Amino acid sequence: MAESNERGRLGLETSLPFERRILEIEALIEKTPEGDARGELISELERERETVFQNLTAWQRVQLARHALRPRMLDYTRRILEDFFELHGDRLGGDDAAVITGIGRFRGRTLMVVGQQKGVTTEEKVARNFGMPHPEGYRKALRAFRLAERWRLPIVTFVDTPAAHPGIEAEAHGQGPTIAQNLLEMLGVKTPVFAVILGEGGSGGALAIALGDWVAMFEHAIYVICPPERCAEILWKDVEKKELAASALRVTARELLALNTIDAVLPESGGGAHRNPEVAAQAVAEELAWFLGECDKGRWTSEQRREKYQRMGVWSEMPSDEYRVPSSEFRVPSEE
Amino acid sequence: MPFLNRRRFVSIVGRRSSLPDGLWMKCPGCKQAVYRAEVEQNQQVCPRCAYHHRIGAMARIAILVDEGSFEERHQEVQTLDPLEFKVGEATYLEKVEKAKSNAQLSEALVVGYARIEESRTVLGVMDPFFMMASMGSAVGERFCRAARDAITERLPLVVIAASGGARMQEGILSLMQMAKTAEAVRRLNEAAIPYITVLTDPTTGGVYASFAALGDITLAEPGALIGFAGPRLIEGALKVKLPEGFQTAEYQYNNGFIDQIVKRSELRPTLGKLLRYLRPQ
């Protein structure tokens with residue numbers, strides 16, 4: 001399979017509308033000789049960057065999370081792992097290319113690596129089904145989790161998927177039950193689990209590999225119950241309300257941190273991870289190194305992880321005289 | 001005190017169902033005009049073609065458990081609106097309140113103790129008329145508490161599942177309920193508590209991809225829609241016509257995801273038998 005090391009250059013075609021002015025100024029800077037004019041352009045660039053990136057809307061973050069040039073799982077593993085030995089197949093008859101599993105070496109230790117790869121080139125995207133796993137992919141991940149537990153290896157997962165694949169075959173092979181089984185087993189894995197959400201954390205398809213002792217998420221990544229477009233369709237009956245849906249759903253890293261559903265936000269410098277993949281990879285490496293350091297101190301236990309997810313959610317406990325007691329005196333319900 | 005008397009039960013079942021108003025109705029199964037009262041008296045099942053209409057939680061409990069034996073628990077667990085979600089002028093909590101008074105229920109999942117053919121059990125029933133039985137934090141928490149009751153009391157857990165999926169208005173928190181309920185099932189498994197699920201029309205999305213698909217024994221009602229991605233979503237994504245019978249209970253049974261398909265009239269004796277055979281040790 002084509003490796004994803006050919007990256008396009010950020011240009012008019014691959015850029016987002018709010019990136020264009022930044023690109024224009026950058027082009028001007030390149031053409032301008034050293035001097036006052038250049039200095040002015042550089043400070044204009046800084047101002048423009050700040051204005052855009054300090055005031056990103058939820059929808060702009062959705063666009064950044066899905067950016068054509070956003071670094072993918074393999075862009076990270078190639079940079080932060082000294083070696084990677086890929087393990088193929090779920091041992092039940094399939095090998096889903098949307099999910100990559102294998103043994104990685106990181107700063108002299110062995111890790112189990114699991115992740116979703118969306119693909120970079122058109123050929124790779126198709127081969128990897130745009131990072132949308134079938135049940136075979138989740139079973140492949142589960143096999144890796146079980147091996148990691150047996151070998152006492154910490155697990156690192158790279159989450160980047162629009163969704164679990166919605167399709168006839170996926171349903172026939174048990175997409176729902178397979179994701180459910182992954183959730184159940186991943187929670188109980190006896191070795192530490194570090195999860196990082198790179199771009200899109202798409203619903204149950206992401207969750208099935210994202211239950212970690214420590215879940216880190218990039219600043220411009222999103223993690224959603226369903227794509228904003230679909231939410232807009234369902235609740236507003238209008239796909240054009242996607243921007244409204246994106247802000248209503250609270251899809252951004254800082255909002256999710258405030259809701260206690262992730263543990264850390266990894267900052268993205270200078271216009272997003274795609275503008276500087278090296279820095280982004282470095283951020284993951286530092287977070288992972290810290291996580292493994294905490295492993296050595298025995299900070300993570302599967303019991304704590306299980307307790308964390310058992311407590312998830314926000315609800316109220318009303319005093320018993322206030323909540324409605326459904327009685328046998330039914331009224332005729334009015335139609336909605 | 002009897003939970004519901006027979007006469008009232010008939011009228012409740014009539015109201016709390018997907019049947020359109022009128023003396024006669026067209027059955028979606030056989031497309032025939034059928035006399036409404038006949039369907040109502042037949043546990044909401046078409047007497048001609050056995051089409052299983054959707055049925056509300058309380059009506060379901062009435063036909064399933066020993067009379068007067070249901071003791072609801074954890075009603076105090078109520079929905080909040082942490083995202084301050086609003087569609088137009090309507091807030092999420094307003095929508096929930098409306099669903100509450102329409103369905104006369106405190107949430108889309110009702111849990112408690114019950115006896116089925118003399119066997120005591122913890123029972124959870126979802127109501128497809130309460131915001132499509134979508135799963136938010138309160139539903140997830142009630143499921144977990146029901147599982148905890150089952151472990152503490154050494155009783156089996158029976159869940160009648162139905163769901164259109166996640167409660168979108170709770171965003172990521174509703175996604176997290178999948179992990180949360182899966183953890184509750186893990187605890188049931190470790191405590192060797194039998195966990196039986198009955199998948200009814202529709203069981204889809206996040207509920208199917210979590211506790212509904214994790215039963216030790218999985219039963220389903222005939223014709224129920226069961227799947228992860230909804231059929232319209234798949235049709236839209238693939239731009240193909242879906243095969244006949246796709247994502248029905250029968251389809252999932254043929255693919256090995258369901259132990260048995262059980263007619264509504266047989267559900268009580270079937271569960272009664274399983275609960276007798278699988279009493280927790």
Side-chain angles (χ1 to χ4, degrees), chain A residues 163-168 170-181 183-185 187-188 203-204 207-208 211 223-226 230-231 234-236 248-251 256 259 261 306 309-320 323-328 330-336, chain B residues 3-4 8 12 15-16 58 72 75-80 82-83 85-87 98 100-106 110 137-138 140-141 144 166 168 171-180 182-186 206 208-211 213-214 227-229 233-234 237-238 242-243 246-247 255 257:
Chain A
H165 182 74
I168 294 170
E171 293 291 323
H173 294 180
Q175 191 73 287
T178 307
I179 290 173
Q181 191 64 33
L183 298 174
L184 186 144
E185 296 212 24
L187 281 163
S203 194
L207 191 71
L211 304 179
Y223 197 3
V224 296
I225 178 64
C226 91
R230 188 159 159 69
C231 174
I234 294 172
L235 295 182
W236 282 271
L249 283 172
R250 319 269 171 195
V251 300
L256 298 179
L259 289 166
T261 49
R306 295 178 56 181
Y309 284 98
Q310 182 71 146
R311 283 198 303 260
M312 285 276 181
V314 176
W315 65 90
S316 74
E317 309 236 358
M318 284 197 180
S320 59
Y323 58 75
R324 191 191 308 278
V325 180
S327 66
S328 53
F330 279 73
R331 285 191 284 124
V332 178
S334 58
E335 285 299 317
E336 254 190 285
Chain B
F3 170 66
L4 297 164
R8 190 178 283 130
I12 291 159
R15 308 288 183 200
R16 301 278 300 105
M58 284 304 171
E72 190 176 351
Q75 284 163 295
E76 72 279 7
V77 177
Q78 295 277 329
T79 296
L80 285 178
L83 270 52
F85 203 99
K86 231 174 146 176
V87 177
K98 199 172 158 202
K100 276 186 188 176
S101 61
N102 279 346
Q104 286 294 294
L105 278 186
S106 53
V110 175
S137 297
E141 178 65 16
C144 291
M168 219 162 303
I172 196 81
L173 293 171
S174 109
L175 183 69
M176 291 299 152
Q177 302 312 306
M178 294 170 64
K180 174 170 176 146
E183 166 59 18
V185 175
R186 200 183 161 95
Y208 185 50
S210 63
F211 68 87
L214 291 171
F228 177 60
L233 177 72
I234 297 175
L238 302 182
L242 296 173
F246 179 63
Q247 289 184 323
N255 284 318
F257 294 104

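Lettering follows sequence order; numbering is per chain, from 1. What you see is a predicted model, and the numbers here were worked out from it, not measured in a lab.
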Work out which heavy atom in [X] is nearest to a heavy atom in [Y]; give both atom names and the distance.
X	Y	answer
B/Ala213	A/Ala180	CB-CB, 4.3 Å
B/Lys180	A/Gln310	O-NE2, 3.1 Å
B/Leu83	A/Ala248	CD2-O, 3.8 Å
B/Ser137	A/Gly313	OG-CA, 3.4 Å
A/Ile225	B/Ser174	CD1-OG, 3.4 Å
B/Pro82	A/Val314	CG-CB, 3.8 Å

Measure the [atom1]-[atom2] distance between [X] and [Y] for me, rounded to the nearest 0.5 Å.
X	Y	atom1	atom2	value
A/Leu183	B/Met178	CG	CE	5.5 Å
B/Leu233	A/Ile234	CG	CD1	8.5 Å
A/Trp315	B/Gln177	CH2	CD	7.5 Å

* Asked: With A/Ala208, which residues qualify under side chain to side chain contact (heavy atoms under 4.5 Å, CB included), at least two apart?
  ->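 A/Ala208 satisfies side chain to side chain contact (heavy atoms under 4.5 Å, CB included) with A/Tyr138, A/Ile179, A/Asn182 once adjacent residues are dropped.
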* Asked: So which of A/Ala163, A/Cys226, A/Ala170, A/Gly167 has the largest heavy-atom pair count under 4.5 angstrom toward chain B?
  ->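 Top option by heavy-atom pairs under 4.5 Å: A/Gly167.
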* To do: Between chain B and each of A/Arg250, A/His173, A/His165, A/Arg306, count heavy-atom pairs under 4.5 Å; write down the option with the most.
  =>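 When all of A/Arg250, A/His173, A/His165, A/Arg306 are compared, A/Arg306 has the most.
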* Asked: Tell me, side chain or backbone of B/Phe85 under 4.5 Å from chain A's heavy atoms, or both, or neither?
  ->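 Contact with chain A is through the side chain of B/Phe85 alone.
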* With sequence neighbours excluded, tell me which residues meet side chain to side chain donor-acceptor pair (under 3.5 Å) with A/Arg230. =>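 Counting only residues at least two positions away or on another chain, A/Arg230 forms no side chain to side chain donor-acceptor pair (under 3.5 Å).
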What part of [X] is in contact with chain B, defined as an atom under 4.5 angstrom from a non-hydrogen atom: side chain, backbone, both or neither?
X	value
A/Leu184	both
A/Val224	backbone
A/Leu256	side chain
A/Ile168	both
A/Cys231	both

* Asked: Got a donor-acceptor contact below 3.5 angstrom from the A/Glu171 side chain to the B/Phe228 backbone?
  ->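 Flag set: sc A/Glu171 to bb B/Phe228 pair under 3.5 Å.
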* **Name of the residue among A/Val251, A/Leu207, A/Leu259 meeting side-chain contact (heavy atoms from CB on, under 4.5 Å) with B/Ile172** =>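 Going through the options one by one, the only one that passes is A/Leu259.
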* Could you go through the side chain to side chain contact (heavy atoms under 4.5 Å, CB included) check for A/Gln181 and B/Leu214 one step at a time? => CA-CA 7 Å; A/Gln181 191 64 33; B/Leu214 291 171; 3.6 Å; yes
